[in-house]
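Notes follow once the structure below has been shown.
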Amino acid sequence: MPAPWGDITHADRLADLYRLCGTLGISDGDVVALCGQDVPAPTRMGLVDLCLMRGATLVGVPGRDAGDLLEAILDHRATAAVVTPAQLRAIAFDHGRVPVPGVRLLVTGAPSAEAVHACRSRHRWPVALLC
């Protein structure tokens, strides 16, 4: 279990960023779409730090639904997007849009197996847990 927010050292923070980088595979040139309201402040700040550390671009999504997220992915040519389980489900079963290939979806909670399978098979988008 992580230390309380006020008790985190610089070494803890750096170790967490390297762990997150290894899990998410964010690197130079990536564009990450994120609705900041979908994640707690420490996670949001961690994603900002990770993007700064790795040379990636973080794009804020003004809306909270899957349509807003898909539009941001298309407009900014995002290579990764942070999604809630509900957004993942909507994206997985949205047959009205043609997504860009290869977008990594980073899920903020426990997604349904059906949504993960549909996203991977229909869109060929990798799905990983953002924890």
Side-chain angles (χ1 to χ4, degrees):
M1 177 172 213
W5 183 244
D7 295 337
I8 295 176
T9 67
H10 289 297
D12 293 335
R13 187 75 181 119
L14 190 57
D16 189 46
L17 287 173
Y18 276 105
R19 180 200 57 79
L20 193 59
C21 181
T23 300
L24 305 181
I26 302 298
S27 62
D28 184 34
D30 274 323
V31 176
V32 181
L34 164 71
C35 174
Q37 299 169 354
D38 289 340
V39 295
T43 302
R44 185 173 53 250
M45 288 186 288
L47 288 166
V48 169
D49 290 345
L50 178 63
C51 287
L52 287 170
M53 185 176 89
R54 300 299 295 179
T57 301
L58 186 67
V59 173
V61 178
R64 295 188 75 178
D65 69 15
D68 297 322
L69 185 63
L70 284 172
E71 188 155 330
I73 290 169
L74 292 169
D75 288 350
H76 298 281
R77 297 184 179 160
T79 56
V82 177
V83 299
T84 64
Q87 289 168 334
L88 179 71
R89 185 165 196 74
I91 289 168
F93 299 110
D94 180 355
H95 296 286
R97 294 184 182 246
V98 177
V100 293
V103 176
R104 296 181 313 277
L105 297 177
L106 315 171
V107 187
T108 61
S112 72
E114 299 86 13
V116 171
H117 177 71
C119 242
R120 288 177 177 161
S121 63
R122 179 170 183 263
H123 301 312
R124 303 208 188 292
W125 284 6
V127 178
L129 294 180
L130 175 67
C131 29

Quick one: does any side-chain atom of His123 pair with a main-chain N or O of Ile91 as donor and acceptor, under 3.5 Å?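 Side chain of His123 to backbone of Ile91: a pair is present.
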
N/O donor-acceptor pair under 3.5 Å between Arg122 side chain and Phe93 backbone: no

If you take all heavy atoms of [X] and [Y], which pair is closest and at what distance?
{"X": "Val103", "Y": "Ala78", "result": "CG2-O, 3.4 Å"}
{"X": "Val32", "Y": "Cys51", "result": "CG2-SG, 4.0 Å"}
{"X": "Val127", "Y": "Arg120", "result": "O-NH2, 2.9 Å"}
{"X": "Asp68", "Y": "Gly63", "result": "OD2-CA, 3.0 Å"}

Straight-line distance of Asp75 CG to Leu70 CG, nearest 0.5 Å: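 Answer for the CG-CG pair, Asp75 versus Leu70, is 10.5 Å.
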
Spacing of Gln87 atom CD and Asp65 atom CG [to the nearest 0.5 Å]: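 So the gap between those two atoms works out to 7.5 Å.
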
Let me check something: do Val31 and Met53 share a hydrophobic cluster, defined by ILVMFWY side-chain heavy atoms less than 4.5 Å apart, either directly or through other members?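 They do not share one cluster, since no chain of ILVMFWY contacts under 4.5 Å joins Val31 to Met53.
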
I'd like to know if Leu50 and Val59 are part of one continuous hydrophobic network [Ile/Leu/Val/Met/Phe/Trp/Tyr, side-chain heavy atoms within less than 4.5 Å]. no

Please enumerate all residues that pass side chain to side chain contact (heavy atoms under 4.5 Å, CB included) together with Cys35, with sequence neighbours excluded.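 Cys35: side chain to side chain contact (heavy atoms under 4.5 Å, CB included) contacts with Gln37, Asp38, Val61, Arg64.
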
Let me have the donor-acceptor pairs involving side chains of residues 104-115, under 3.5 Å, with sequence neighbours excluded, atom names and distances please.
unit_1 : atom_1 : unit_2 : atom_2 : d
Arg104 : NE     : Leu24  : O      : 3.4
Arg104 : NH2    : Asp30  : OD1    : 3.4
Arg104 : NH2    : Asp30  : OD2    : 3.0
Thr108 : OG1    : Val83  : O      : 3.4
Ser112 : OG     : Arg89  : NH1    : 3.1
Ser112 : OG     : Ala115 : N      : 3.1

